[in-house]
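Take a look at the structure below.
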Amino acid sequence: MSDTPLLDQLETGPWPSFIADLKRMAAKKPQIKDLLGQLERSYEEKITHWKHGGIVGVLGYGSGIIGRYSDLPDDFPGLEHFHTMRINQPSGWFYTTAALRMLCDIWDQYGSGVMNMHGSTGDIIFLGTTTDNLEPCFQALARNGFDIGGSGSAMRSPSCCCGLSRCEWSCYDTMEACYDITQEFQFELHRPGFPYKFKFKFSGCPNDCVAAVARADCSVIGVWKDDIRIDQAAVKAYAGGELKPKGGGAHVDKLDIQKDVVDLCPTQCMSWDGSTLKINNRECNHCMHCINLMPQALRPGTDKGATILLGSHAPILEGAQMSWVIVPFMRMEKPFDELKELGANIMEWWTENGKNRERVGELILRLGMREFCLAVGLDPVPQSIKTPRCNPFFFWHPEDFEAEAEGKTYIKL
Amino acid sequence: MAEDRITDIGPPHYEQFLPPVIKANYGKWKYHEIPRPGVLKHVSESGDELYTVRCGAGRLLTTDYVREVCDIADKFCDGHVRWTSRNNIEFLTPKKENVEPLIAAIKAQGWPVGGTGHAVTSIVHTQGWIHCHTPAIDASGIVKSVMDDLFEYFGEHRLPAQVRISLACCLNMCGAVHCSDIAILGIHRTPPKIFHDKLRHVCEIPTTIAACPTGAIRPHPDKSIKSVVVNEERCMYCGNCYTMCPAMPLFDPDKGGVALLIGGKVSNAKHPPMFSRLGVPYLPNNPPRWPEVCQAIRKILLAYVNGANKWERLGEWITRIGWSRFFEICDIPFTFQHIDDYKWAYDTYNTSMHFKF
């Protein structure tokens, strides 16, 4: 009779089985046998058997290690200490096998051999080691060029899409921006000093493959300002069915340019006369639909940068938020000074004003966009709203009247 | 010794991990094709080609598994491989002739090839019972069960658009599933139990009280107990107090379960990004295979496949037909739980005559 009759039922079926994988490891590492045993217990009892985390870490850092202890240490002694280590991933999640094998060797030596590729925020996650292994594991990683990621009320490990490395749509170098910003904020990443977590995510275009708009306090999403580049011959090839929609990734073989592209354009800024596709680019809102459908005919323009959006977080506590536009266009070139300065200003204002466990997006809602914009040096821009307010409850400040007396439209202009 | 310690080096620079064909064509990619499900072909301005074979995986792996990934990447990809934002593994090679043998090697390993274009791709998920202290449900087991059930949609482009499924095992949503076509969410449905003897020793009472978004926690009227009480009618089981105070667990093996939130997306194509909305308020937490969850998801997916126009994401389809029609088509009973009564509830009420019978 198997020790894990419930888990065994997850060994069948076409999708890769994590149970089969863990069982191989259990033959080599007794703590994984315990891990399966405790998981089987959870499957029987429908309840977790991990205790609330404790404070553990490596010297000098307050971040990147999550204490984890079993509440059944007598039954599963290998899980008495089973801490998580977050390892900051390389931009774009590219690896050589030499680097991966090195990571595996270190984790086999110092931990359970169980990992996540990757955690929700983007880090490589090492699941399960003891307190006394944390520091030596960290230093073994550091000697091989890897560092620990963020956790707690700190900057979390930024992440990005693959950007220019393998995508024709990326409007800036997401991987370099992610790397550079991560290096810039190393102190904030390793030493929690914020009201709560702060995440950066970098997507190269409005398709937003890393879900920056939903999952990052600061969402940096690539955009272009000029005209979509058109290859009219390729448009005709799509119309004729020689080229497949979405490069072959769709469930239909042939595009109807009028119905599938022009009619579905959210701004109605396109027209098609059977031989030429025209785009009124000034009215385009860069939604990417036409480009997604015809990757060989259409490409983003060449005057490129990013939109900066701020404020997203999961539902805890006031309800989920998506980030909203605070800077419609920012040039994104190394060394990304403008973004670094804005980021530092935002973090400073938030750290000074935020309550414990209040995300920056919640703080802005509490104190208002005016106070936020003035504090970090941003002007009011219409791209930041869907509609203006519909209530008459707006504030006037003495400086508004002073500006008015000076003939200015608002306090700066 | 401490002086020899290395700290604050940050992640390694990505460039050392890039395949030569990517280094040579960085920023020069011209277009891509998906010649078959699971295979991407990128073509550069220079004419260089890069083939990517996408392989589905859960995010929970052992070093044995990763070494097997390495073996394949060494054999066919000169040692280059990457992961996607949705836990897929991507094998990269400039050699067209390597694509078929690469696919064969992946399949021989028992791993699926797909997840491109109009497919259900790998489920983004959280830890669940394998490693987390707050989950209402497991994560990897439900993901495995749902992907087994929807496997036919992973390796083919049969859907009206891409379908992104994600799972978070409690309301904390460390998986941030709130903008997914289908979000599987573990929910608690009972207030925390308070262990007063423990609380006085391990919790800070002011931060515990402040942690409650509905103001349901207040100091225990008997000051000698040095604990708190919960106004249970106000509690919506978010678990935020438990995050601050380990003496307030809110687990109930019988009443905890799964909610499905649907119709979200992050891309800006056509419609702006959308939140996922409550579709199914409760399904039982039924390991090891969660049949009720699998069936509910399949039913919603099939209704979408049958009803959606070309290119419509699940949320765009529902927006077009209206939620009342959606509930009718999917045979989902409409309940009080579907009507928002939290902070921004008013935004969700219908103030028009635009509805259907």
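Each chain gets a letter, A, B and so on, in the order the sequences are listed, and its residues count up from 1.
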Side chain to side chain contact (heavy atoms under 4.5 Å, CB included) between B:W29 and A:L164, worked out: CA-CA 8 Å; B:W29 298 107; A:L164 300 180; over 6 Å; no
Quick one: what part of B:L159 sits under 4.5 Å from any heavy atom of chain A, side chain, backbone, both or neither? backbone
Segment of B:I89 engaging chain A (4.5 angstrom heavy-atom cut-off): neither
Are B:P288 and A:L7 packed together at the side-chain level, in the sense that at least one heavy-atom pair is separated by less than 4.5 angstrom? no
Contacting moiety of B:W129, where chain A heavy atoms sit under 4.5 Å: both
Side chains of A:Y179 and B:H13: closer than 4.5 Å at any heavy-atom pair? yes
Would you call A:K46 and B:D254 a salt bridge, using N to O less than 4.0 angstrom? no
Cut-off 3.5 Å, side chains only: do A:H118 and B:R59 have a donor facing an acceptor? no
Just so I know, are the side chains of A:Q296 and B:E33 near enough to count as touching, which here means a heavy-atom distance under 4.5 Å? yes
Region of B:Y26 that comes under 4.5 Å of a non-hydrogen atom in chain A: both
Worked verdict on B:N268 versus A:N207 for side chain to side chain contact (heavy atoms under 4.5 Å, CB included): CA-CA 6 Å; B:N268 284 270; A:N207 283 330; over 6 Å; no
Between the side chains of A:D208 and B:S267, is a donor N or O closer than 3.5 angstrom to an acceptor N or O? no
By a 4.5 Å heavy-atom criterion (distance strictly below it), what part of A:R299 contacts chain B: side chain, backbone, both, or neither? side chain
Which atoms of B:N172 come close to chain A, meaning under 4.5 Å heavy atom to heavy atom: side chain ones, backbone ones, both, or neither? both
Where on B:C132 is there a heavy atom nearer than 4.5 Å to chain A: the side chain, the backbone, both, or neither? backbone
How far apart are the C-alpha atoms of A:L127 and B:Q127, what are their side-chain angles, what is the distance that settles it, and do they pass the side chain to side chain contact (heavy atoms under 4.5 Å, CB included) test? CA-CA 10 Å; A:L127 298 179; B:Q127 302 289 17; 3.4 Å; yes
Interface moiety of B:V124 toward chain A, non-hydrogen atoms closer than 4.5 Å: side chain
Side chain proximity check, B:M173 to A:P315, heavy atoms < 4.5 angstrom: yes
Examine the side chains of B:H131 and A:T84 and answer whether a donor and an acceptor come within less than 3.5 Å of each other. yes
What part of A:K244 is in contact with chain B, defined as an atom under 4.5 angstrom from a non-hydrogen atom: side chain, backbone, both or neither? neither
Consider only side-chain N and O atoms of A:H251 and B:H157, and report whether a donor and an acceptor are under 3.5 Å apart. no
Taking B:E68, B:M244, B:K270, B:Q109 one by one, which has the highest count of heavy-atom pairs under 4.5 Å against chain A? B:K270
pair A:Q139-B:I6: side-chain heavy atoms closer than 4.5 Å: yes
Where do B:F154 and A:W15 land on the ring-ring contact (aromatic ring centres under 6.0 Å, His included) test, with the steps shown first? CA-CA 10 Å; B:F154 178 81; A:W15 194 252; 5.0 Å; yes
Run the salt-bridge test on B:R67 and A:D105 with the 4.0 Å N-O cut-off and return the result as yes or no. yes
Side chain, backbone, both or neither of B:T84 within contact of chain A (heavy atoms, under 4.5 Å): backbone
Heavy-atom side-chain contact between B:L60 and A:L22 under 4.5 Å: yes
Take the angle between the ring planes of B:Y242 and A:H52 and call it parallel below 30°, perpendicular above 60°, tilted in between. perpendicular
Run the side chain to side chain contact (heavy atoms under 4.5 Å, CB included) check on A:L59 and B:R5 step by step: do they pass? CA-CA 9 Å; A:L59 291 172; B:R5 293 180 75 242; 3.4 Å; yes
Region of B:H80 in contact with chain A, defined by heavy-atom distances below 4.5 Å: both
Which bit of B:P37 comes within less than 4.5 Å of chain A, counting heavy atoms only: side chain, backbone, both or neither? neither
Non-hydrogen atoms of chain A under 4.5 Å away: do they reach the side chain of B:C179, the backbone, both or neither? side chain
Would you say the side chains of B:H178 and A:Q321 form a donor-acceptor pair under 3.5 Å? no
pair B:T62-A:R24: side-chain heavy atoms closer than 4.5 Å: yes
pair B:L40-A:R166: side-chain heavy atoms closer than 4.5 Å: yes
The interface call for A:L39 against chain B, heavy-atom contacts under 4.5 Å, is side chain
Please flag which part of B:E156 lies under 4.5 Å from any non-hydrogen atom of chain A: side chain, backbone, both or neither. neither
What part of A:L298 lies closer than 4.5 angstrom to a heavy atom of chain B: side chain, backbone, both or neither? neither
Segment of B:I137 engaging chain A (4.5 angstrom heavy-atom cut-off): neither
Give a yes or no answer on whether the side chain of A:D147 reaches the backbone of B:I9 with a donor-acceptor pair at less than 3.5 Å. yes
Between the side chains of B:Y342 and A:E318, is a donor N or O closer than 3.5 angstrom to an acceptor N or O? no
Side chain from CB out, backbone as N, CA, C, O: work out which of these in B:D71 comes under 4.5 Å of a heavy atom of chain A, or both, or neither. both
When you check the gap from the basic side-chain N to the acidic O, do A:R143 and B:D4 get nearer than 4.0 Å? no
